[in-house]
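Accompanying notes for the structure given below.
A note on names: the letters A, B, ... follow the listed sequences, proteins ahead of strands, and every chain is numbered from 1. Because the structure is a prediction, the values reported are computed rather than measured.
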Amino acid sequence: MQAKKAGVYLCGGCGIAEAVSLDALEAVAVKEFKVAHCRRHEFLCGEDGVRAIRGDVAAGTVNQVVVAACSPRVNADRFQAEGAQVFRANLREQVAWTQPPGAENTAILAADYLRIAIAEAQKSSPPTAHHEGPHSARILVVGAGISGLTAARAAARAGYHVLLVEQSGEIGGHARRWSKRMPQKPPYQAPQDNDIDRLIAMVEADPRIEVRRNCRVVKTAGGPGQFTVTLRQDADEPECLIGAIVLATGWRPYDPEKLGHLGYGASPDVVTSLALEDMLAARSLKRKSDGRPARTIAFVQCAGSRDPNHLPYCSSVCCGVSIKQALQIREADPDSSVYVIYEELRTPGVAEEFYRAAQRAGVIFIKGGVKRVGADLTVTMDDALLGEEIALAGLDLIVLATGMVPNAAGIAGAGEEPSPLPEADIDPLAPIAVAGCTGAVPAPRPPATQIIVAGTPLLNLQYRQGPHLPILADGFADSHFICFPYETRRSGIYTCGPLRRPMDMAEAAEDATGAALKAIQAIRNAAEGRGLHPRAGDLSYPKIGLNTCTKCRRCTVECPFGAIDETPDGFPIVNPTRCRRCGTCMGACPVRTISFDNYSVEMLTAMIKAVEIPEEDDKPRVLVLACQSDAYPAFDMAGIARSPMNAFVRTIAVRCLGSVNLLCISEALSCGYDGILLMGCKSGDDYQCHFVKGSAIAQERLSKVGETLKSMALESERVQSVEVSIADGGRLPKILDDYLAVIERIGPSPLKGFG
Amino acid sequence: MVGQAAQSQTILVVGGGIAGITAAVEAAETGYEVVLVEQGPSLGGRVAQLNRYFPKLCHPTCGLEIHYQRLRGHPKIKVFTLATVAAVAGARGRYRVTVATSPRYVNARCTACGDCARASTTRVPNAFNYGLDTVPAAYLPHPMAYPMRYVLAPEVIGTPEAEAIRAACKYGAIDLDEEPATFEIVVGAIIWATGWKPYAGEKLESYGYGRIANVITNVEMERLAAPGGPTQGRILRPSDGKEAKRVAFLQCAGSRDYNHLPYCSRICCLASLKHAAYLREQYADAWIDIYYIDIRAHDKLESFYRRIKADPQVRFVKSKPASITAGDRGDPVVHGEDTLTRELYDCAYDLVVLATGMEPSAALAPAELTVDEYGFIVADLHDSGGMFAAGVAAGPLDVSMSVQSATAAVLKAIQAVSAGEADAGQA
Amino acid sequence: MSAAIAPAGGSKYDLSFARWVYQNIDGGDRISLCMQCGMCSGSCPIGTAMDHGPRKLFMLIRAGMKEAVLTSDTIWNCTQCYNCVVRCPRQIPVTNILQGLATVAVREGYAPQQPTAKFSKAFWLSVKRFGRTDERLVTALYYFSYGLKEGVRRGLDNLPIAWRMVKAKRMHLGLPHRAKGAADLRAIIAKAEEIEARERAEG
Amino acid sequence: MSEAKKFTYYPGCSSQASAVHLDQSLRAIAPRLGIELEEIEDWNCCGASVGFVEGGTLPQTAISGRNLAKARQQGTSDILTPCAACYLNTHGVNEKIKNDVRTRQRVNEALEAADLKYDGDLNVRHACEVLVNEVGLDKIKEEVTNPLTGLKVAGYVGCQTVRPFAATVSGGQYDSYDQPKFLDDFVAACGAEAVPYDPKTSCCGGSVSVYSPDKTLHLIKSILQAAADAGADVIATPCPLCQQNVEMYQDAINKKFGTSFDIPVVFYSQLMAVAFGMDADKDAALGHNMIEPVKLVELAKKAT
């Protein structure tokens with residue numbers, strides 16, 4: 001490895017030179033740290049400044065650039081220099097813009113931030129990308145319904161080879177049953193021809209797509225670019241090397257047998273939407289009971305959906321499906337009478353046209369709740385708009401608009417033991433926050449029904465975290481982030497279609513195309529050893545020193561992405577292409593033997609210790625370890641707003657609070673910090689951590705700090721965690737002042753001066 | 001490719017809101033060159049103006065921060081702000097696009113130090129806060145601006161104030177001679193992510209928006225609730241700054257209406273539910289009425305509806321209010337019929353919020369695109385061209401759906417620029 | 001299918017009445033588009049004087065409740081302000097539909113005592129007789145439609161107003177104004193009535 | 001308009017009685033504004049807002065058909081009417097004849113009984129729309145020789161003058177349905193002050209006020225109250241029925257609600273006649289107002 005040659009570049013612009021003495025800072029670099037190369041500039045991000053930096057790097061004088069200027073969140077592109085690592089000391093947003101110029105404490109703060117940055121450089125090496133093992137660019141698509149077919153075709157059209165496996169003997173999924181589909185084209189008023197056959201034909205004719213019917217995945221190991229997938233087709237169990245996986249296992253209709261209260265089973269003429277679809281496809285709308293033509297027909301919406309005892313969610317497509325079927329019935333038989341009984345009519349977007357088309361065609365929409373359905377096909381309901389209970393009699397057919405159940409687990413096949421699904425991660429009905437309420441608004445909780453039957457794991461992942469994909473809530477596959485709906489906790493595996501949320505064919509096709517893009521992207525990045533979202537492009541990955549590893553398994557258990565497996569003899573083994581580079585493993589390791597080239601417990605400790613801890617009682621020091629994505633930007637926001645900030649706080653950005661090792665905390669305490677705040681994202685049901693569990697894990701670890709504090713004779717207040725979002729810049733000064741008040745109350749750390 | 005004009009593999013993304021940013025980042029991270037063109041002075045679009053997202057109540061700036069981290073310094077992405085597409089010629093694989101830029105009057109030397117703002121004496125309406133407050137004529141579009149660079153309001157150009165602003169900048173970043181300009185680029189595919197604008201409240205005449213101070217729109221509510229907004233996040237009503245505790249939300253304000261927007265804007269129900277949550281979080285004694293036709297909390301979002309419904313201080317009234325009149329003490333009075341009880345009501349509130357819908361932004365629509373009567377771009381089901389819509393340009397979508405749509409658009413664009421190529425990525 | 005007399009529904013949501021209304025009332029076909037939002041009823045200036053309001057009246061039509069529809073006072077309390085018409089998100093011509101229903105109600109004998117019906121009778125008499133309306137004549141005819149005694153009482157009640165109108169030279173005291181072609185007009189009206197009757201009979 | 005534009009004029013029944021002052025003042029100002037009015041020969045009643053009940057839909061339509069056919073015999077000029085109800089019926093029937101083949105056929109079948117026919121090739125326009133779209137505010141201002149300085153006017157538009165046609169293409173898109181501006185613009189053009197007045201288009205009860213005032217007096221009361229609150233000297237309106245209802249029921253309202261309203265209600269055309277320096281009686285027809293518009297009368301004196 002090349003010798004580290006650090007250069008410190010001090011910027012005096014944007015008020016820094018007015019706030020602090022650059023001479024003093026230069027002295028820190030040159031005298032304290034013996035940095036050979038220290039330059040000053042009054043406008044470092046300008047052409048001259050940038051040229052100077054790049055010149056030094058090109059000349060080989062410097063290969064570690066320490067920029068003491070603005071926040072790392074700005075000008076990252078300017079300070080990039082080919083062949084050098086860049087480190088930033090934030091003297092602008094967090095010093096010049098938030099501290100009184102010329103004050104002693106301001107000068108000390110700036111010096112400390114420079115020390116932290118130089119210490120970081122000293123402990124950091126340029127990361128080298130992971131390039132080991134085989135690589136495949138082939139995409140596995142599981143499930144050949146509209147989503148799977150679309151994903152396969154979309155990837156193939158972009159030049160990628162696809163293996164499309166379908167459990168059943170036929171491809172096309174539910175889409176093959178639809179006589180017509182909902183309109184996608186203006187004026188959005190008439191049912192449209194079902195073009196699934198065209199898609200099937202294109203997939204079958206595509207030389208890049210290999211279709212396997214009666215085939216299922218029995219085992220999946222590895223990671224992006226190098227999944228090893230074992231299939232079972234007939235008696236064969238071929239093993240394939242796969243680059244990325246698109247899961248398109250779709251949905252199944254809610255079991256109508258559970259809808260006895262809506263008359264299912266009482267008469268053969270109470271049918272489901274799908275059964276009606278078969279009649280429409282056969283162009284024969286006849287009653288099962290007596291073969292008479294069905295001319296007076298009622299649709300019962302939300303049959304199972306939006307019902308805490310059945311499917312708590314809205315199945316989204318049923319309104320549109322019933323409208324489509326009602327229009328088909330009206331068109332085929334102008335003397336028919338068609339009713340749609342609904343509670344909330346949901347035709348979002350341009351589908352409102354479809355609703356109006358049905359009204360125009362004479363379909364009668366009745367708002368209200370169905371109380372019972374008799375065997376004589378009389379529907380008794382509360383008619384909400386007439387304001388009375390009515391009996392809708394004389395019906396020939398009742399159609400239950402049954403909802404969608406996601407296929408987040410496979411159906412148990414021969415020889416496989418169903419394994420229970422993981423618990424859903426979040427409670428979608430957690431009460432909202434109300435001012436003044438310490439608890440919460442009392443919310444009626446639904447009975448805890450397990451709506452998803454246990455099934456075989458779809459991919460049967462050979463991961464330490466278990467064979468299933470995580471389930472978010474209500475049986476739907478993990479898709480928690482609003483901005484990043486494709487991100488799952490299993491890298492390189494993307495779900496699409498009704499597996500993620502109820503959606504119609506057009507939406508599923510769109511969703512599948514997006515999932516195919518994500519799969520291609522995962523493959524291309526894995527090939528280059530680059531990390532995926534949210535640290536996209538990061539070349540670093542965790543390296544484990546197996547000689548000191550105690551096989552405690554904390555890293556394998558805590559990794560939110562299941563990136564670390566265990567060898568048969570219990571050692572952890574990292575799958576770098578699965579890793580998202582959050583550092584949670586590094587935070588978990590009790591013997592600090594997990595580190596990245598450019599991020600380690602040793603580095604954080606060095607940064608923490610780089611701060612000078614004064615012995616005076618009136619100069620407390622509080623360490624803030626702030627999540628790089630949310631809390632740290634919040635500090636910048638306070639800086640941009642020029643909010644005065646407490647000068648006794650030293651902020652260090654961490655990749656994720658999950659990466660904070662308790663050893664960092666104890667080191668900080670022993671070197672005399674008076675208090676430590678861990679600032680991370682919101683945890684809980686609406687968690688905002690981009691690494692899923694970072695702040696939750698940090699809080700859990702902190703709960704165990706008590707003993708340590710006690711053994712060091714320290715108060716529990718000395719280490720606390722706070723949830724801070726990026727929008728909390730305005731709240732930050734008060735949070736810090738309040739905490740400093742706590743420190744003042746409990747007094748300075750007794751360990752001061754021993755560090 | 002003998003005998004063919006050179007094809008471009010560059011993807012142009014028009015619009016720098018959440019859909020456009022997503023498209024740009026996803027395409028670049030898949031290895032493609034991207035040009036991102038944004039009409040305003042900063043990326044971020046409508047989501048940057050939102051306080052929080054439903055149903056997680058998380059902050060859009062959080063996702064933007066991640067996106068910006070990925071954009072920043074990505075060698076494959078070129079961003080142009082204050083830029084629009086003026087003309088498109090050519091066909092898939094080789095579009096010649098004329099980009100028109102308007103002057104920012106601030107060049108790349110800007111460090112965002114803010115000296116120009118301090119030298120500015122004129123104040124202009126703050127577009128970021130929908131004009132609810134003002135900013136100096138030299139301003140940062142918003143704290144999460146990208147690029148982090150100031151802008152000069154055209155109003156002051158040619159005045160002594162502009163000279164004073166220029167003199168105040170230590171870095172020579174003020175360029176008062178900047179002129180509108182055009183340049184041409186060649187790209188292989190175009191993703192239209194031109195987004196939406198809020199339906200104008202003034203057009204809903206019987207609701208008195210613009211005449212009655214305490215009748216606001218839902219996008220304005222977002223700014224009132226936002227920590228960076230005109231009231232620092234406290235929900236105070238415009239006329240007198242009183243805490244807005246008795247609040248009505250009028251759904252379908254413009255949407256599902258042949259006289260205005262015939263389609264359902266999809267997001268407004270959930271946005272109002274979210275606003276109810278904002279109010280309940282701020283005021284223990286907030287009382288909220290949501291007037292609706294159908295509550296359209298589709299798919300899993302039904303749970304968000306149920307969470308809000310569980311609150312006894314949020315009432316749902318199935319009614320499309322007929323009108324709003326100015327009442328005593330600045331309280332708007334909402335009139336209408338409760339369709340479930342058949343009672344006529346006249347209810348006074350501290351604040352009334354019109355849940356206005358989304359209208360597609362008027363944008364250049366080249367002949368290759370099919371646009372429906374509302375202005376939404378109709379998907380080319382055969383993907384034969386090289387232009388694709390992403391986000392609300394394609395229809396009224398929520399943020400997650402816009403992101404999905406943008407991600408899908410990227411793959412379609414990649415297909416367009418790599419058509420006829422050999423197998424990709426084969427080792 | 002059209003019928004001279006609107007069919008009464010048997011059970012709830014028997015659609016025969018609704019379909020008759022859709023086909024026979026001017027603008028009635030648009031009732032099918034009503035989404036029951038309540039904008040119309042909420043817009044009525046004297047909505048409080050209505051038993052149902054237009055919104056619910058439309059639901060009653062769909063539910064086949066002929067009797068309830070044609071005896072409803074909603075039809076008679078429309079001031080024709082057209083607020084509902086311009087605001088209706090489904091562009092249903094509410095006022096015209098109420099007018100059409102009023103005609104049916106009168107024709108089928110559901111509304112003999114309605115003031116509007118009486119007033120209209122007086123008005124139409126004047127139109128037919130003179131080609132123009134004479135406000136004095138119409139008012140008098142209307143008052144006396146309640147009987148001699150009631151007519152005199154109402155006339156006396158309104159005497160001060162009438163007196164002021166006379167004083168302002170806004171009440172005509174001579175013979176009613178008339179269009180010379182009143183006979184022509186009567187012929188046109190008779191023909192129009194004949195066409196409507198024929199259409200009803202044809203079904 | 002450089003030279004006078006000719007319109008076929010449909011004054012309506014109220015022009016001969018309750019709204020004689022609208023007709024008289026409009027005929028007086030028209031030449032000043034470059035409008036030539038030629039009355040429809042032997043016009044008949046439009047059916048107003050109650051005729052349909054007894055008459056039925058087609059007879060009601062056909063009687064307007066007669067007016068249109070008579071107007072067409074006089075030429076192709078646009079029809080102009082100052083009366084809200086006449087406009088509503090005649091314009092509505094005209095559009096229907098234009099756009100709906102079945103109506104056109106049925107109406108013509110009825111018209112045949114009097115040897116008339118009409119194919120829908122005329123336009124029917126409201127006087128106010130013509131003032132906005134053809135004459136323009138500048139022309140009105142130009143004619144003002146006696147500005148109504150100091151007169152506070154509540155501009156009360158009422159319903160049918162703007163609803164349901166004012167914002168439609170056929171209606172000339174001259175204003176909006178809830179808060180139309182044209183009347184305040186007329187007032188201001190005459191040099192008077194248009195006071196802020198919210199119930200611009202709230203309903204006076206229309207014909208219901210004529211036969212069942214018990215149901216609607218509260219509506220008229222709020223129309224008066226808002227004018228009184230705004231300090232208006234006079235209410236101005238374009239609508240004959242509004243003028244009558246709001247003016248004549250003030251005693252009844254005072255009796256029922258214990259108020260003491262005595263607010264004159266005039267037509268915009270009367271304001272214009274005075275502002276144009278014309279005769280208070282002969283042109284502005286101020287003598288026909290039941291409640292004397294004292295200030296306006298004084299302003300009129302100023303001109304002479």
### Task
Using modelled atom types only, decide if a donor and an acceptor are shared between the side chain of B:T111 and the backbone of A:C14 within a distance under 3.5 Å.
no
### Task
Check each atom of B:Q69 against the heavy atoms of chain A and say whether the ones under 4.5 Å are side chain, backbone, both or neither.
side chain
### Task
Could you pull out the closest heavy-atom pair between A:Q688 and B:L57, with the gap in Å?
NE2-O, 3.9 Å
### Message
Less than 4.5 Å to any heavy atom of chain A: does that hold for the side chain of B:A297, its backbone, both, or neither?
### Response
both
### Query
A:Y355 and B:R256: side-chain donor and acceptor closer than 3.5 Å?
no
### Task
Classify the side-chain pair B:R72/A:Q80 by whether it contains a donor and acceptor separated by less than 3.5 Å.
no
### Message
Need one label for B:A108: side chain, backbone, both or neither, based on atoms under 4.5 Å from any heavy atom in chain A.
### Response
both
### Query
Between the side chains of B:R70 and A:H533, is a donor N or O closer than 3.5 angstrom to an acceptor N or O?
yes
### Message
Using only atom types and a distance under 3.5 Å, with no angle test, would you say the side chain of B:R296 pairs donor to acceptor with the backbone of A:L345?
### Response
yes
### Task
Give, as side chain, backbone, both or neither, the part of A:E353 having an atom under 4.5 angstrom from any heavy atom of chain B.
side chain
### Summary
For B:H59 and A:I726 the tightest heavy-atom approach is CB-CG2, 4.3 Å
### Task
Could you tell me which non-hydrogen atom of A:H690 sits nearest to which non-hydrogen atom of B:C62, and how far apart they are?
NE2-SG, 3.0 Å
### Message
Once rounded to the nearest 0.5 Å, what's the spacing between atom CG of B:L64 and atom SG of A:C483?
### Response
7.0 Å
### Query
Can you check whether B:M148 reaches A:R73 side chain to side chain, under 4.5 Å on heavy atoms?
no
### Task
Could you tell me which portion of A:Y342 (side chain, backbone, both or neither) has an atom closer than 4.5 angstrom to a non-hydrogen atom of chain B?
side chain
### Query
When the ring planes of B:Y374 and A:Y188 are compared, do they come out parallel, tilted or perpendicular, using 30° and 60° as the limits?
parallel
#### Entry: Exercise: do B:E65 and A:Y632 side chains pair donor with acceptor under 3.5 Å
no
### Portion of B:L279 that has a non-hydrogen atom of chain A nearer than 4.5 angstrom
neither
### Query
Donor-acceptor pair, A:N525 side chain versus B:E29 backbone, under 3.5 Å?
yes
### Main-chain N/O of B:C264 paired with A:E352 side-chain donor or acceptor, under 3.5 Å
no
### Message
So which atom in B:T407 and which in A:G514 form the shortest heavy-atom distance, rounded to 0.1 Å?
### Response
CG2-O, 3.5 Å
